[in-house]
Amino acid sequence: WSSDVCSSDLNIIGDGSKRKVLENVAKILRINENISWSGWKEEPWKDIDEASICISTSNTEGFSMVLAEALSRGIPVISTKSGGPKDIVQDGVNGWLVDKNDYFKVAEIINNIINNKIELPLQQVCISSVEKFSDDIVISNIESAIIKELE
């Protein structure tokens with residue numbers, strides 16, 4: 001997560017087995033003072049007032065609620081092709097999909113955004129891209145499938 005509200009340039013919410021390694025790399029690169037390591041949060045959206053992009057680099061992922069939630073808030077995403085994200089992210093439209101473990105590609109996309117070589121998707125494009133997952137539409141689709149099956 002990159003949040004313009006926190007005092008850091010980068011606010012990382014979440015945890016994982018690589019956290020200590022990443023913290024050490026940030027210290028070696030002397031960028032640690034620009035990073036807020038928030039760790040795991042039960043309800044991360046309560047602490048996010050504004051964000052530029054949501055990044056998920058999971059190796060396996062079902063339906064990624066964090067990606068759908070980010071997009072529903074107009075926040076574009078970068079995600080690995082790790083299962084469920086392929087159903088949510090439209091590469092180059094509402095975000096970007098990268099191969100698993102291709103951290104160089106993630107960095108390239110971020111650098112291209114920073115250097116204005118690629119533009120962030122518009123908020124409304126992001127929001128519209130996940131409307132098909134709204135409660136009303138999903139329930140309506142289920143009801144239609146049941147009625148069709150009963151006929």
Side-chain angles (χ1 to χ4, degrees), residues 1-6 8-26 34-114 118-151:
W1 301 95
S2 173
S3 177
D4 298 326
V5 174
C6 71
S8 302
D9 295 325
L10 177 64
N11 184 13
I12 298 178
I13 299 174
D15 237 336
S17 61
K18 306 275 194 229
R19 179 175 174 167
K20 291 291 182 200
V21 172
L22 293 172
E23 288 177 351
N24 287 333
V25 169
N34 301 81
I35 301 173
S36 170
W37 302 89
S38 300
W40 171 256
K41 292 187 179 251
E42 186 68 32
E43 297 184 51
W45 293 109
K46 287 185 175 183
D47 296 329
I48 301 170
D49 295 323
E50 187 177 349
S52 303
I53 198 156
C54 174
I55 303 170
S56 174
T57 57
S58 298
N59 282 329
T60 57
E61 191 76 49
F63 184 86
S64 179
M65 284 301 293
V66 70
L67 295 178
E69 290 170 344
L71 289 165
S72 73
R73 289 167 167 78
I75 302 166
V77 300
I78 299 173
S79 179
T80 48
K81 299 173 188 173
S82 55
K86 292 189 274 185
D87 295 327
I88 300 168
V89 183
Q90 300 162 26
D91 193 43
V93 176
N94 62 356
W96 296 269
L97 287 168
V98 299
D99 292 328
K100 289 187 245 180
N101 298 313
D102 192 350
Y103 305 110
F104 291 106
K105 185 65 176 177
V106 174
E108 177 186 321
I109 293 168
I110 293 168
N111 281 326
N112 285 339
I113 292 167
I114 291 168
I118 57 175
E119 291 184 25
L120 288 173
L122 298 174
Q123 280 187 323
Q124 192 52 50
V125 170
C126 294
I127 293 167
S128 297
S129 72
V130 290
E131 287 177 347
K132 63 186 172 191
F133 300 117
S134 72
D135 293 346
D136 292 341
I137 292 175
V138 170
I139 290 169
S140 176
N141 289 341
I142 292 170
E143 287 174 345
S144 295
I146 292 170
I147 290 169
K148 183 178 178 183
E149 195 60 35
L150 292 174
E151 292 176 343

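FYI, side chains are in, hydrogens and waters are out, and symmetry mates aren't considered; it's all heavy atoms of this structure.
- Between the side chain of Ser140 and the main chain of Asp136, no donor-acceptor pair closer than 3.5 Å is present.
- In this structure a side-chain-to-backbone donor-acceptor pair under 3.5 Å is missing from Asn112 to Ile118.
- What you find for Trp96 and Ile109 is that their closest heavy atoms are CB-CD1, 3.6 Å.
- Contact check for Leu71 versus Cys126: side-chain heavy atoms found under the 4.5 Å cut-off.
- For the pair Ile13/Ile48, a side-chain contact is recorded, criterion being any heavy-atom separation below 4.5 Å from C-beta on.
- Rounded to the nearest 0.5 Å, atoms OG (Ser134) and CD1 (Ile127) are 13.0 Å apart.
- Residue Glu149 places its CD atom among 12 or fewer non-hydrogen atoms of other residues, nucleotides or ligands, all under 6.0 Å distant.
- Considering every non-hydrogen atom in both Asp99 and Lys81, the closest pair reads OD1-NZ, 3.3 Å.
- Minimum interatomic distance between Tyr103 and Thr57 (heavy atoms only, all atoms of both residues): CE2-CB, 3.9 Å.
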Evaluate side-chain contact (heavy atoms from CB on, under 4.5 Å) for Val130 paired with Ile88, printing each intermediate quantity in order.
CA-CA 7 Å; Val130 290; Ile88 300 168; 4.1 Å; yes

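- Smallest separation of non-hydrogen atoms from Ile110 and Ile55: CD1-CD1, 3.6 Å.
- Ser72 contributes a side-chain N or O that, together with a main-chain N or O of Glu69, makes up a donor-acceptor pair within less than 3.5 Å.
- Interatomic distance, Leu122 CG to Asn94 CG, rounded to the nearest 0.5 Å: 11.5 Å.
- Looking at Lys100, its side chain never comes within 3.5 Å of a backbone N or O of Thr80 through a donor-acceptor pair.
- Using a 4.5 Å cut-off on side-chain heavy atoms (C-beta onward), Asp47 and Asn11 make no contact.
- Heavy atoms only, all atoms of each residue included: Ser82 and Pro85 are closest at OG-CG, 3.6 Å.
- Two residues are said to be in side-chain contact when any heavy atoms from C-beta on lie closer than 4.5 Å; Asp87 and Phe63 fail this criterion.
- Counting only distance, with no hydrogens or angles, the side chain of Ser128 and the backbone of Val125 share no donor-acceptor pair below 3.5 Å.
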Candidate pair Glu108 and Lys105, rule salt bridge (charged side-chain N to carboxylate O under 4.0 Å, His left out), full reasoning
CA-CA 5 Å; Glu108 177 186 321; Lys105 185 65 176 177; 3.3 Å; yes

Between Ser56 and Val77, does a side-chain contact (heavy atoms from CB on, under 4.5 Å) hold up when you go through it step by step?
CA-CA 8 Å; Ser56 174; Val77 300; over 6 Å; no

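- Using a 4.0 Å cut-off between charged nitrogen and carboxylate oxygen, Lys20 and Glu23 count as a salt-bridge pair.
- For Ala26 against Ile35, the heavy-atom pair with the smallest separation is CB-CD1, 3.8 Å.
- Here the CD1-CD1 distance, from Ile142 to Ile147, works out to 12.0 Å after rounding to the nearest 0.5 Å.
- A distance of 11.0 Å separates CG of Asn141 from CZ of Phe133, quoted to the nearest 0.5 Å.
- The distance from the OG atom of Ser144 to the CD1 atom of Ile137 is 11.5 Å, given to the nearest 0.5 Å.
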